[in-house]
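A quick write-up on the structure given underneath.
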Amino acid sequence: MILETLTPVFIGNGETIEPYEYFIKDRFYRINLPKFILSLDKANKEEFLKISTSDMIKTRNFIKEMADTSKVQEYSMEIDSDVLEVYEDKKNDPNNQLSIQTFIKTSSRPFIPGSSVKGAIRTALLYSMTPKPLTGSENIEKDVFGYRNPQDDPFRVLKISDSLPLAFDDMKIYNVKTFSKKDIFSASGYNMMFEGTKSYYFDRAAVASHDIWIDEDLKKKSEFIDINIKKIISSCNEFYGMVINKELEFYGSSKTSYAYEKYEQLAKDMGSLKNANSFILRLGWGSGYNSVTINLAKERPDNKISRRLIKGEFPPGWVKVKVMEEK
């Protein structure tokens, strides 16, 4: 299974890079702080230890000036122009921590967890199989999928591996803003910087490779509903196609376009997938309420007024998936 990112994807691991653990010049550099301290001569080491306990601004500038990236960097990434703008504006503000949310990694390399892909597929199948309109949702998953105990969950038969590691050249540092729609749709002032994938609509796609299969032995041993690749493809395109259409309605009613053109492109790309072994998914942080719930199955879906966007136009998390036929 090949996954290509259409918009930047961020899947975090709960860790944060503090401002004294990186600096930005031509690109983002994450440094190994113990190695940096060991690289200093005695006088500079004493100076660093002195200022690091009392002045964060001086500490940041000292690291940027003194760090030899060939010796002390853990990794580096490209930065989006919005990140550089925020960094230059806030780097001398002691009240702004300028922390960066990290992408999940294994053996220090970023990857796409199979559990994230499987969760997005699960939401799509749940939506597809739910009788509509949805009137009660307390036990909807167990009712629709026909199980009561976790060991009977039919999704145990679906297996998706973690992706092979991504290269750091597939990654980029982004700044995301939260927008809210009240009288008008506008930025609410909240910013977050994160490590995310590059993407096709932004510059070039990051490509991740996964294994996907149905555990036929497990399927035979239990009274599971029929989960197969064909059903996965049709359900994902049905559900995420509905999400795309609702986002087009949302942005189309705004006084400015914002992400409208990107959703038009997503709708066009989804239309081109017909009769192909491919489907669209939305993964990770910033996916939005309608993408991670079956809210749209309700007769009157809850109306959420906030959206997270990169550069005011790129909604995070959209990917295209192609299931390769076994040879």
Side-chain angles (χ1 to χ4, degrees), residues 1 3-11 112 115-134 137 140-141 144-145 155 160 176-181 185 196-197 199-202 205 231-254 257-274 276 278-310 312-323:
M1 183 177 77
L3 182 153
E4 296 182 46
T5 56
L6 299 176
T7 64
V9 173
F10 169 59
I11 301 173
I112 305 291
S115 58
S116 295
V117 180
K118 187 173 177 177
I121 290 172
R122 183 186 183 97
T123 303
L125 262 76
L126 179 62
Y127 173 85
S128 179
M129 296 174 63
T130 295
K132 302 171 184 68
L134 175 64
S137 57
I140 187 64
E141 285 196 39
V144 170
F145 291 147
F155 263 75
I160 302 176
V176 63
K177 293 182 179 181
T178 299
F179 291 76
S180 295
K181 182 180 179 182
F185 189 67
T197 66
S199 62
Y200 180 70
Y201 294 170
F202 207 101
K231 180 178 288 187
I232 288 170
I233 292 171
S234 63
S235 296
C236 288
N237 284 332
E238 176 192 3
F239 174 63
Y240 291 103
M242 174 68 72
V243 173
I244 290 168
N245 288 336
K246 288 298 181 182
E247 292 301 283
L248 282 169
E249 290 179 15
F250 177 86
Y251 287 105
S253 63
S254 300
S257 61
Y258 289 92
Y260 187 84
E261 291 182 1
K262 297 299 177 288
Y263 276 105
E264 279 189 320
Q265 185 63 49
L266 277 165
K268 180 179 178 181
D269 287 344
M270 176 164 277
S272 70
L273 297 179
K274 291 179 179 179
S278 301
F279 55 96
I280 297 287
L281 286 179
R282 200 174 190 189
L283 305 174
W285 182 87
S287 292
Y289 185 70
N290 287 338
S291 298
V292 299
T293 69
I294 57 169
N295 177 52
L296 297 180
K298 298 176 181 177
E299 184 173 5
R300 294 183 178 180
D302 300 332
N303 183 31
K304 302 298 181 180
I305 64 171
S306 295
R307 299 292 189 275
R308 293 185 173 104
L309 296 174
I310 300 162
E313 60 176 322
F314 293 91
W318 288 101
V319 301
K320 179 174 69 173
V321 180
K322 184 173 179 63
V323 179

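Nothing fancy with the numbering, it's 1 onward along the sequence.
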Under 3.5 Å, side chain of N237 to main-chain N/O of S278, donor-acceptor pair present?
-> yes
Hey, would you say the F314 and Y201 ring centroids sit under 6.0 Å apart?
-> no
Rounded distance (nearest 0.5 Å) linking atom NZ of K268 with atom CD of E264 = 10.0 Å
Student check: side-chain heavy atoms of N290 and E247 closer than 4.5 Å | yes
If only atom types and distance count, is the side chain of T7 paired as donor or acceptor with the main-chain N or O of P315 below 3.5 Å?
-> yes
Does the side chain of V319 come within less than 4.5 Å of L6's, by heavy atoms?
-> no
State, yes or no, whether a side-chain contact exists between F279 and F239 at a heavy-atom distance under 4.5 Å.
-> no
Report yes if the side chains of T123 and V292 come closer than 4.5 Å at any heavy-atom pair, otherwise no.
-> no
Donor-acceptor pair, side chain of S287 and main chain of L283, under 3.5 angstrom = yes
Straight-line distance of S291 OG to I244 CD1, nearest 0.5 Å = 9.0 Å
Output for pair (K304 NZ, K246 NZ), nearest 0.5 Å, gives 15.5 Å
When you look at CE of M242, are more than 12 heavy atoms from neighbouring residues, nucleotides or ligands closer to it than 6.0 Å?
-> no
Cation-aromatic face contact R307/F250, 6.0 Å, 45 degrees | yes
Validation row: E141, L126 side chains within 4.5 angstrom (heavy atoms) = yes
Donor-acceptor contact below 3.5 Å, side chain K118 vs main chain F155 = yes
Any cation-pi pair here, K132 with Y127, using under 6.0 Å and within 45°?
-> yes
Got more than 12 heavy atoms from elsewhere within 6.0 Å of NZ, K262?
-> yes
Do R122 and F145 pass the side-chain contact (heavy atoms from CB on, under 4.5 Å) test, and can you show the C-alpha distance, the side-chain angles, and the key distance before you say yes or no?
-> CA-CA 10 Å; R122 183 186 183 97; F145 291 147; 4.0 Å; yes
Which distance, rounded to the nearest 0.5 Å, do you find between the CG of L273 and the SG of C236?
-> 11.5 Å
To the nearest 0.5 Å, what is the distance between CD1 (I121) and CD1 (I232)?
-> 5.0 Å
Is any side-chain heavy atom of T5 less than 4.5 Å from a side-chain heavy atom of Y200?
-> no
Show the numbers, then the answer: is there a side-chain contact (heavy atoms from CB on, under 4.5 Å) between Y258 and E313?
-> CA-CA 5 Å; Y258 289 92; E313 60 176 322; 5.9 Å; no
Correct closest heavy-atom pair for Y240 and I280 would be CD1-O, 3.3 Å
Between G284 and I11, what is the shortest heavy-atom contact and its length?
-> CA-CG1, 4.0 Å
Which atom pair, heavy atoms only, marks the closest approach of D302 to Y289?
-> OD2-OH, 3.3 Å
Start with the C-alpha gap between D269 and Q265, add the side-chain angles, then the distance that decides, and say whether side-chain hydrogen bond (donor to acceptor under 3.5 Å, both in side chains) holds.
-> CA-CA 6 Å; D269 287 344; Q265 185 63 49; 3.0 Å; yes
Could you tell me how the ring of F10 sits relative to the ring of W285: parallel (under 30°), tilted (30 to 60°) or perpendicular (over 60°)?
-> perpendicular
Starting at CG of L3, measure out to NZ of K322 and round the result to the nearest 0.5 Å.
-> 13.5 Å
